[in-house]
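Below: the structure, in structure tokens.
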Protein chains: 2
Amino acid sequence: MTQNDLDSIIKALSNPARRDILAWLKSPEIEFPEQCSNYEHGVCVGQIFEKAGLSQSTVSSHLANLQRAGLVSSKRQGQWVYYQRNEECIAEFADYLKQTL
Amino acid sequence: MTQNDLDSIIKALSNPARRDILAWLKSPEIEFPEQCSNYEHGVCVGQIFEKAGLSQSTVSSHLANLQRAGLVSSKRQGQWVYYQRNEECIAEFADYLKQTL
DNA sequence: TTTGCATATCGAGATATATCGATATAAGTT
DNA sequence: AACTTATATCGATATATCTCGATATGCAAA
């Protein structure tokens, strides 16, 4: 974990909307019951948008931010783009912080 | 740990200068060998200021920020104010994050 | 009480972040 | 091809953060 990785992750987490999104993605079935498709690759942007109470562009921007930090990954399926947590990165970050903070 | 606590802690940690200071305070004897007094209550502002490469007022502001977040505590001894890590708060935060992130 | 040192606070300017609406892109539908 | 839906990008504005120098405050020494 480089200082740059750490920096982008902490900055990503420093925004409450992004923390909310990351938390919601822990339980997609519970947090996004409206979604028609399965949760194999996570939750699509529209679902998150509806729940977030922010504009579509803002939500998209937050998701891009989380992805740049490595905290989530995305997969396009037709018109939709699904986002899911990158548990490996998240765990590594939490461990690193517990170790070094 | 309330959402407010979490928010102020993460925001405090989102700045690299503040992360540096917090890291330095882990090993005062090594990082601040210049300090004349003992490290009982931590390190005084002037020492941190000299190491940080930032203005005195900026360093003071960063320390106040860390303290508001609960990550450090301060004790005045005569003219000097000593800052030290609040290990309890730091550990609680790291655990909370590992649990809930 | 005046002077000097250590730290905190204030006000201003610069940079970063959050947010939105408008629009572009990508894919599916008719 | 034209139209609709889903998402991303762009440009603008508002707010927050970082940083500084100047100054205030707290304390100690002369």
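In what follows, chains are A, B, ... by sequence order, proteins preceding strands, each numbered from 1. These numbers were taken from a predicted model, which means no experiment stands behind them.
Contacts between residues 34-55 of chain B and DNA chain C, counted as heavy-atom distances below 4.0 Å, involve B:C44, B:V45, B:G46. For DNA chain D, no neighbouring residue in residues 63-72 of chain A is found when judged by any heavy atom under 4.0 Å. Listed in residue order, the members of residues 8-30 of chain B having a heavy atom less than 4.0 Å from DNA chain C come to none.
Between A:Y83 and the phosphate of D:dA8, there is a side-chain N or O to OP1/OP2 separation shorter than 4.0 Å. Look at B:H62 and you won't find any side-chain N or O under 4.0 angstrom from OP1 or OP2 of D:dT17. Put simply, A:S60 has a side-chain N or O that comes within less than 4.0 Å of OP1 or OP2 on D:dA8.
Rounded to a whole Å, the NZ atom of B:K75 is 17 Å from the P atom of D:dG26.
With distances taken from any side-chain atom of B:S57 to the nucleotides C:dG21, C:dT7, D:dA22, the minimum falls on D:dA22.
The structure places CG of B:L71 at 8.5 Å from CZ of B:R85, a figure rounded to the nearest 0.5 Å. If you take CG on A:L25 and CZ on A:F32, they are separated by 5.5 Å, rounding to the nearest 0.5 Å. In this structure, CD on A:Q84 lies 4.5 Å from OG on A:S73, to the nearest 0.5 angstrom.
Residue A:Y82 is out of contact with every strand shown, counting any heavy-atom pair closer than 4.0 Å.
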Output one letter per nucleotide in nucleotides 23-30 of chain C: B when a protein non-hydrogen atom lies under 4.0 Å from the base, S when only the sugar-phosphate is that close, - when neither is. ----SS--
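Within the structure, the side chain to side chain donor-acceptor pair (under 3.5 Å) test picks out the following pairs touching residues 41-51 of chain A (sequence neighbours left out): A:E31-A:K51.
Applying the salt bridge (charged side-chain N to carboxylate O under 4.0 Å, His left out) test to B:R19 and every residue at least two apart in sequence or in another chain returns A:D7.
With hydrogens and angles left out, the side-chain atoms of A:S55 and A:T58 include a donor and acceptor closer than 3.5 Å.
The shortest side-chain heavy-atom distance between A:I21 and A:Y83 does not fall under the 4.5 Å cut-off.
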